[in-house]
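Worksheet: one structure, shown below.
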Amino acid sequence: MQSNQNISGVIERITYVNNENGYTVAKMKSAGYFDLVTIVGNMPSVNVGAVVSLKGQWKVDSKYGRQFAVSSFEEKLPATAAGIEKYLGSGLIKGIGPVNAKRIVRKFKENTLKVIEEETDQLLQVEGIGPRRVEMIQKAWEEQKEVKNIMIFLQSHGVSTAYGVKIYKAYGDESIQVVRENPYRLADDIWGIGFRTADRIAQNMGFDVQSYERIRSGILYVLSQLSNEGHCFAYRDQLVEEAKKLLEVETERIVSALGNMLKEGSLIPDEDDALFLPVFYHSEVGVARRLKKIMETDTPILHNHAGSLIDSVEKKNRIHYDGMQREAILKAGSHKVMVLTGGPGTGKTFTTLGILSFYRSLGARILLAAPTGRAAKRMSEVTGMEAKTIHRLLEFKPAKGYTMNEGNPLKCDVLILDEVSMVDLLLMYNLLKAVPDKAVVILVGDVDQLPSVGPGNVLRDIIDSGKVEVVRLTNIFRQARGSMIITNAHRINQGLPIRYKGAVNRDFFFIGEEDPEQVAQTIVSLVTRRLPKYYKADPIRDIQVLCPMLRGSTGAHHINQLLQEKLTARGGKAASVKYGGTTFYIGDKVMQIRNNYDKNVFNGDIGRIREIVPEDRTIRISFDDRIVDYDYTELDEIILAYAATVHKSQGSEYPIVIAPLTTQHYVMLQRNLLYTCITRARKVYVLVGSRRAVAMAIRNNKIAKRNTMLAKRIAGPQ
C-alpha cells in the first residue's frame, strides 16, 4: 500500500469546483516541480493565491495524466506581495476584485493582510476605496474566516460545503455550536437543507437514531414533502408509514413522538385522524371563516336593479353581453362572493370588464389583483386600471409581514382577483384577512388548469363547497373559434382528440418525432432559428419552452443547457459565474424558484441577468422593470429559464410556446397538464413529440387528489 506524501505550494488556478461536496481540481506551483502540479480532492473554499500544505498520494489518471490526490490539507495565508495580490484578486473577499487587489498591495505590500485584519480604516488611503467599500471588505473578511471554519467542520462530517455560508448567515459566530447541539435545527431553519442532510450530519456526529429530536424532525420532513405535493395534512396512518420508511425505527417510537408533538402544539389533530402543521390548519380554518363572514355581511353596494344597470352599461359602451355573461354580471352585482370560471375564448376577460363597468357605474372603490407580476401586468393592460400582485396589494414587508390585515383592512368595496387557480391556501388566507367584511369578492380563474404549486386546491374547493355562487362560461366566441389553440384546448378538456391540421394561417403546429434526443434538437432549431425568422420574434423574450418534467433528454434541465449554449455570448472576456452544475452568463434568462420576501421576488418570476460583478460577488437580474442583486451564495434560488416546467408557467402567457411531449414523460402525461400548457400560448403553440403521448395525456383525467378539508369547512356550520 502506497504511503502518504506531503507537498506544499501556491494555488495558481482553480480548474473545477463541485459546490455540493467541495471536490476541487486545481493547479499548484510547488518547489521542486518544473510544471504546475495538478491536485484533486475535497478542499472546500480553497482560493487562488492560497499557500497550502497537502497530504496525499500520486496517481496517474488515464485521461488527465499525473495528479496528486489530496487526503487532507492545511491552508496558510500567502506571504509575498505577488501571492497576496493573487489571493485577494481571486474573488475571495466581497469588495476586492483584481483592480483593487493590485492597488491595495501596491500601497501596503507584505503588510496588506495585517492591514485588512487589524487596521481596515487604512484602506481609505487607496484610490477608489471609500467608507462603504471598507465596511464591505471588513465584513467579508470576518465572514470568510468563519465560513471556512464551518466548511471544514461540515466536511469533516461528510456534508456539502455549499451550505457553509447559509449556516453562517442563519447563526453567525454560534454556527458550529448550534450544529453540534442539534443539527436537526438546520432542516427547520435553513432553506435548501432538508432532513436528509441534517440527519447525515447528526449520524456522523454520533447522534442517537432513536432520539426524539431525530424522529420529530423526520415527521416534520414527511409533512413538508406532502405539502410540496399540495397536501394540507396527512392522515395518521399515512404519516406513521412514511416516517417509518424514512427513519427506519419502530412504529411505537413514531407514535410516541406524535403524542409529544400534539402536546407541544407542533401538530394539530382534526377529524378522520387528520394531522395538520399549525400554519395549514389555521389557514384552512381561516379561509373558510373569512369567506363565510364576508358572504353573510350586508353591503349597500349590492344592487337590486342590476338588470337595468347592465342595459345602461351596454348602451353606453355599445357592446352586447350574451346570456351567460349577462348572468355572470348580474350575479356579481347581487352576491358578496362569486366565482367566474371558464376556458380560453369563453369571454372571461370581457365578462370581467363588464363586472368592472357595472361597479364603476355605482361609484364603487375597486381593487384588482393577481398572484404573479405577469398576471397583474396583463390585468392592468386589459382593464386600463392598476392591478397589483397580492403581495404588493397587502404591502408585504420582509421583517414585519403583511401590512394590510384584519387590523388594517384594504380600502375597497369590490376586490377582483384573477388567476385564482394558482393561489395557494396560505396566500388566500392572508388576502382574505385584509378584505373588509362589507366588500364584494369576485374570483376569476380556470378551474381546469393545474392547481397551485403551493398547498391546497383553493379554487376547486371553493366551487366544490356548493356555498359560493359560481358562473362557468362555456360558449366559445366566434373570433376565438378560428384559433386552433383555443379549439384544441377545449377538445383536450373534453377528452376529445386534438386537431393536428387547420388553415394556412393557423396558430397550432405539431411536429411528429418519436426519438427524444431528436425532439430536443428540433426544439433548439425552432427557438434559435426557424421561429424567430418566420415571426420576427426575439428567441429569449418571445419564445418559451414548456416541458412536462425537469429531468430527461426532453426535460427542462437538458433543453436549458442546449439553448443556453446557442443563445449566450461566451468566450473571450464574457463574464460568467458557476454555481453547482450551472454556469450563468450575462443575458441568461433565469427563474426564481422560491419566494424571497426580502427581494420581493417570488417562485416562478422570470428575469434576465444584466450584470455580473466579480468584485462584489454579485449578479444583477432584471425582473420586468426592476433590478435585483443576488450574492453568489444565493444562486441556488435561480435556475435557467429558456425552458421551464408547465407547473412553473401558471399565471403566465407567452407569445410563442414550444412543448415537447413524448412517452418518456409518461408519469406526467395528464389532461390538465396538457390543457394548462396549451393555454399559456398567446399567438403560436408548437407541439413536438409523438401522437401516442398526446393521446395518453388526453385519456388520463385522474386528477391527483390533495389532502384538504377546505370545501367541507366552507360547507359546514360556522
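Please read these numbers as outputs of a predicted model, since none were measured by experiment. The figures that follow rest on heavy atoms only: side chains count, while hydrogens, waters and symmetry mates do not.
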Is any side-chain heavy atom of [X] less than 4.5 Å from a side-chain heavy atom of [Y]?
X    : Y    : result
I215 : V249 : yes
L186 : T197 : no
V52  : V70  : no
V222 : Q238 : no
P269 : L262 : yes
V545 : P660 : yes
S227 : L277 : no
L267 : F233 : no

To the nearest 0.5 Å, what is the distance between [atom1] ([X]) and [atom2] ([Y])?
X    : Y    : atom1 : atom2 : result
D588 : I621 : CG    : CD1   : 9.5 Å
I639 : H557 : CD1   : NE2   : 9.5 Å
R594 : D605 : CZ    : CG    : 13.0 Å
D188 : N182 : CG    : CG    : 8.0 Å
I638 : N596 : CD1   : CG    : 11.5 Å
L450 : T676 : CG    : OG1   : 3.5 Å

Nearest non-hydrogen partners of [X] and [Y], listed with the distance:
X    : Y    : answer
A641 : Q544 : O-NE2, 3.1 Å
A376 : A370 : N-CB, 3.6 Å
H231 : P455 : O-CB, 3.8 Å
I14  : A26  : CD1-CB, 4.1 Å
L710 : V287 : CD1-CG1, 3.8 Å
A187 : S217 : CB-OG, 4.1 Å

Treating [X] as the side-chain partner and [Y] as the backbone partner, does any N or O pair qualify as donor plus acceptor under 3.5 Å?
X    : Y    : answer
R706 : G456 : yes
Q210 : R253 : no
N560 : Y642 : yes
D424 : L427 : yes
T389 : R392 : yes
K292 : G716 : yes
S421 : Q449 : no
H558 : G552 : no
E248 : V209 : no
N672 : D448 : no

Exercise. Under 3.5 Å, is there a donor-acceptor pair between the Q177 and E181 side chains?
Worked result: yes

Exercise. Using a distance-only test with no angle check, is there a side-chain donor-acceptor pair under 3.5 angstrom linking D461 and T708?
Worked result: yes

For this session: Look at atom CD of E142 and say whether more than 12 heavy atoms of other residues, nucleotides or ligands are closer to it than 6.0 Å.
Result: yes

Exercise. Counting heavy atoms not belonging to E406, are there more than 12 under 6.0 Å from its CD?
Worked result: yes

For this session: Show your working on side-chain contact (heavy atoms from CB on, under 4.5 Å) between F276 and H282 and close with a plain yes or no.
Result: CA-CA 9 Å; F276 283 80; H282 294 304; over 6 Å; no

For this session: Apply the test side-chain contact (heavy atoms from CB on, under 4.5 Å) to residues F584 and Y579: give CA-CA distance (whole Å), side-chain angles for both, the deciding distance (0.1 Å), then the verdict.
Result: CA-CA 8 Å; F584 295 101; Y579 190 91; 4.3 Å; yes

Exercise. Can Y402 and N408 be said to form a side-chain contact (heavy atoms from CB on, under 4.5 Å), step by step?
Worked result: CA-CA 10 Å; Y402 297 100; N408 184 30; over 6 Å; no

For this session: Mind telling me whether F602 and Y597 have parallel, tilted or perpendicular rings, with 30° and 60° as the class edges?
Result: perpendicular

For this session: May I ask you to decide if the ring planes of F195 and Y221 are parallel, tilted or perpendicular, using 30° and 60° as cut-offs?
Result: tilted

Hey, is [X] close enough to [Y] for a salt bridge, meaning N to O under 4.0 Å?
X    : Y    : value
R214 : D199 : yes
R216 : E264 : yes
K244 : E241 : no
K712 : D270 : no
D464 : R460 : no
K599 : E637 : no

Problem set entry | Candidate pair Y630 and Y632, rule ring pair (Phe, Tyr, Trp, His ring centres under 6.0 Å), full reasoning | CA-CA 6 Å; Y630 284 73; Y632 284 3; over 10 Å; no

For this session: Let me know which of I254, L275, V240, L246 forms a side-chain contact (heavy atoms from CB on, under 4.5 Å) with I219.
Result: I254

For this session: For side-chain contact (heavy atoms from CB on, under 4.5 Å), just list the numbers for I559 and C547, CA-CA rounded to whole Å, side-chain angles, deciding distance to a tenth of an Å, and then say yes or no.
Result: CA-CA 9 Å; I559 291 176; C547 307; 4.1 Å; yes

